[in-house]
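Written below as C-alpha cells is the structure these notes are about.
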Amino acid sequence: MELKILPPGIANMIAAGEVVQRPASVVKELMENAVDAGADQITVAVTDAGRTLITVVDNGCGMSPDDAVLCFERHATSKIATAEDLGKIISFGFRGEALASIAAVAEVTLRTRREEDQVGCEVEFAAGEHLATRETSAPKGSMFSVRNLFYNVPARRKFLKSDNVEFRHIAEEFTRVALTRPEIAFTLIHNDRDIFVLKKAKSLKFRIMNLLGTNIAEEIADVEADTSVVRISGYAGRPDSARKTLGNQFLFVNGRYFRSPYLHKAVMKAYEGLIPEGATPSYFIFLETDPSSVDVNIHPTKTEVKFEDDSVIFQILSAAVKKAVGANTFTGDIDFYSPRSEEVPVVGKLTGEIKGLSGFTPKVDTGYNPFSNESGKGNYRTGDTLKQDFSPLFNDAPARAQGLLVFQGKYIIAPSDSGIMVVSVRRARERLLFDRFLDAVSKNTPVTQSALFPSTIQVGVAARTLFDENAGLLSSLGFDITPFGTDTIVVNGVPEGFSCESSAVRTMVDNLTVILSEDKTSLKTGMLSAVAEKFAVLGASGNDSAISPTEARALVDSLLASSNPEFTSRGKRILSLIGTDEIEKRLF
Ligand SMILES: Nc1ncnc2c1ncn2[C@@H]1O[C@H](COP(=O)(O)OP(=O)(O)O)[C@@H](O)[C@H]1O
Ligand SMILES: [Mg+2]
C-alpha cells in the first residue's frame, strides 16, 4: 500500500463530520465567531430549519479581503498564536477549523467590511473550493450565508431529522450562546418569522426571562460561591418548580456552555429529598476558573471540558446550590408518576387515630396492602363477576350512593354482603381515561371539555415546536390547543376527565411536554396503547379534585363496566376486595 497525505479537501470533509453534525452546529459556530468578533448585535436567520439557508449577521470587527479568504483555511485562526496561548483561552473559538469545515460541506458566502475599509468584499466557497472574491458595499461587520448544507454529502443530508427537531436544536444552541452574553442583542428568525428578539439585557436574570418567559423569575434562586478554586454564580430552580419537563439545565465555564453529567449530579445532589424522583430542576450555573485549570480542547465541538480539580468543584457546586434552594421550603404538589402519593393507609396507623381505642392493640398485619400486585395481572375478575359479588349495591338504585364512603379523598369504600371493596380514585380514573383514549385515537372520536377560561401558557420555543409537531395527535385525544405567537400556547379545552382548573392545566402542560419530548417513537409509530397509557396517567394524576358521593358512584359504575376494573394498563391494582371471612379473621 502506498502511504499518502490526504488532500486538504478530504481532510476538511472528515473534520467537518466532527464539527458540523447538523444545521445547529453551523449556527453555534457562526454565532460564537460573531461574539468573538466583538459584535453587540447578532442576527441569525434560518430557512427550513437551516437545511436550505443559515445566515448570521454581526456588527463586529469584520475582516480584510485577505482574511476573508484565509479564514476558510484549516487552522486559520486569529485567536491563538503560540502554544502558551492555549492555556488562557477566553474566546469561544481557537481551533481554526469551524469555517473550513462548514465550507467543505455547503455553499458559503461571506460578505464583510472592517470599520477602516471603504469597501467591503464578498467571498464564495462551495465544497471547500474558493469560487470567487469581489468588492462590494457592506455594513461594518460580517455576514455569513450557508446554503444547502451537506449538499455534497448525501448520506449526511439524509441523516437530518424533521424540521421541527432540527429547529429545536438550533433554538437550543441559540439559547446557550444568548445566555452567556446578556450584553449582546440577539435575534433568531425562522422562515421569516421572529422567534426570539432579545434586546441587550441589564443582567442575566433579564436575559433568562426574555428567553424562557417572565414566570421563570419567581421560580429561581440565586446561586453564589466564591472560592480560590472556582467562582460560581447563576440561578437554580426552587424545588417546588422542579418538573419532569424539558431541560433548562445549563452549565457554563468561563463563558462557554458545556455538558457534564458529573457536575449535573452535583446539582442534583443538592436537591436530594427536596424534589420527587425523576424531576429535574432548571439551573443556570456559571463557573469561573483559572483558564489554565480547565481544558476545553478535548472535543472538536468544545462542549466537553476537563477540570483539574473536578471533585473539589463538585463539592463546592453542590454546597452552593444546596444553600440557594434549601432556604426555600418545599410545597410541592408534583406527584406525577410518584408512587408515594398512591400509598395505601396502613391499618395499624388507622386504628391509632381512632380515639377511644388507645390501649387496645388489635392484631393487625401492617404489611397488608390491598393494592399490592401479588395476585398477578392476568388473573382478574371481570366487571360482571364483581357486580355479582356486590349485587346488593347494584340492584337497589336509591340505596347505592348511601353505601359509599369516600375515604381521604383518595379511596372509595363500598360495603356489600360479601365484604368491602376499596377503590383507588386515581387509578379508577386512569383506567377510564385509558379506555376512552384508546377509543378516541383509534376511532377518532375525542370528547373535549371546554375550559371556561382558556389558559395562555408561555412554554418556550422548544416546547412550542413539540406542540406544533403533535397537533394532530393532541386533537385526536381531545385537547383543544391553539398556537399563539412563537413560544406560547392557548389551552381552550382538555379531554373529558382531565381537570380544567388553571393551575392543573399549567402542570398538565408541563407534563405533556415531557411526554411529547420523551416518547417520539411510540407517538409516531402509533403504538396506541403506549400513548393512551401516558395520557391516562397524565389526566388521572392531574385531577385531584374532590369527589362527591354521586361522582364516586358514577366512577365505580363506569369502572365496573370498563375493560379491566381490577388493574390499570400499567398493571397497578385499582380495587381490592376484603372479604367477610378476611374481616372476621382479623376480628377474632
Ligand atoms: N464573524 C466574524 N468576524 C470577524 N472575524 C471572523 C468572523 N468569523 C470568523 N472570523 C475569523 O476567522 C477565523 C477562523 O474562524 P473559525 O474557523 O471559526 O476558527 P476559530 O474561531 O477557532 O478561530 C477566526 O479566528 C477569525 O479571525
Ligand atoms: Mg470559531
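Predicted model only: the values in this text are computed from it and were never measured. Remember, it's 1-based here, ligands and their atoms both numbered in the order they're listed.
Scanning all protein heavy atoms for the shortest distance to atom 1 (N) of ligand 1 gives Asp58 OD2, 2.9 Å. Of all protein heavy atoms, the one closest to atom 4 (C) of ligand 1 is Ala37 CB, 3.6 Å. Scanning all protein heavy atoms for the shortest distance to atom 6 (C) of ligand 1 gives Met63 CE, 3.3 Å. For atom 13 (C) of ligand 1, the nearest non-hydrogen atom of the protein is Ala76 O, 3.7 Å. Closest to atom 21 (O) of ligand 1, if we only count protein heavy atoms, is Lys79 NZ, 2.7 Å.
Atoms of ligand 1 lying under 4.0 Å from at least one heavy atom of Phe144, given by number and element, are 1 (N), 8 (N).
Polar contact check, Ser142 against ligand 1: a nitrogen or oxygen pair lies under 3.5 Å apart. Geometrically, ligand 1 and Gly96 share a nitrogen or oxygen pair separated by less than 3.5 Å. Taking distance alone, with nitrogen or oxygen atoms compared against 3.5 Å, Asn33 approaches ligand 1 more closely than that limit.
When the options Ala98, Ser78, Gly62 are ranked by their closest heavy atom to atom 26 (C) of ligand 1, first place goes to Ser78. The residue among Leu30, Leu99, Thr77, Val56 with a heavy atom at the shortest distance from atom 17 (O) of ligand 1 is Leu99.
Of all protein N/O/S atoms, those lying under 2.8 Å from the Mg ion (ligand 2) come to 1.
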Set out, in order, the CA-CA distance, both residues' side-chain angles and the distance that settles salt bridge (Lys or Arg N to Asp or Glu O under 4.0 Å) for Lys140 and Asp117, then state yes or no.
CA-CA 9 Å; Lys140 177 207 163 213; Asp117 295 334; over 6 Å; no
Should Arg134 and Glu122 be marked as a salt bridge (Lys or Arg N to Asp or Glu O under 4.0 Å) after you check the CA-CA gap, both sets of side-chain angles, and the distance that decides it?
CA-CA 5 Å; Arg134 58 183 87 87; Glu122 191 173 84; 2.3 Å; yes
ring-ring contact (aromatic ring centres under 6.0 Å, His included) between Phe314 and Tyr262: does it pass, once the steps are laid out?
CA-CA 8 Å; Phe314 184 104; Tyr262 180 66; 4.9 Å; yes
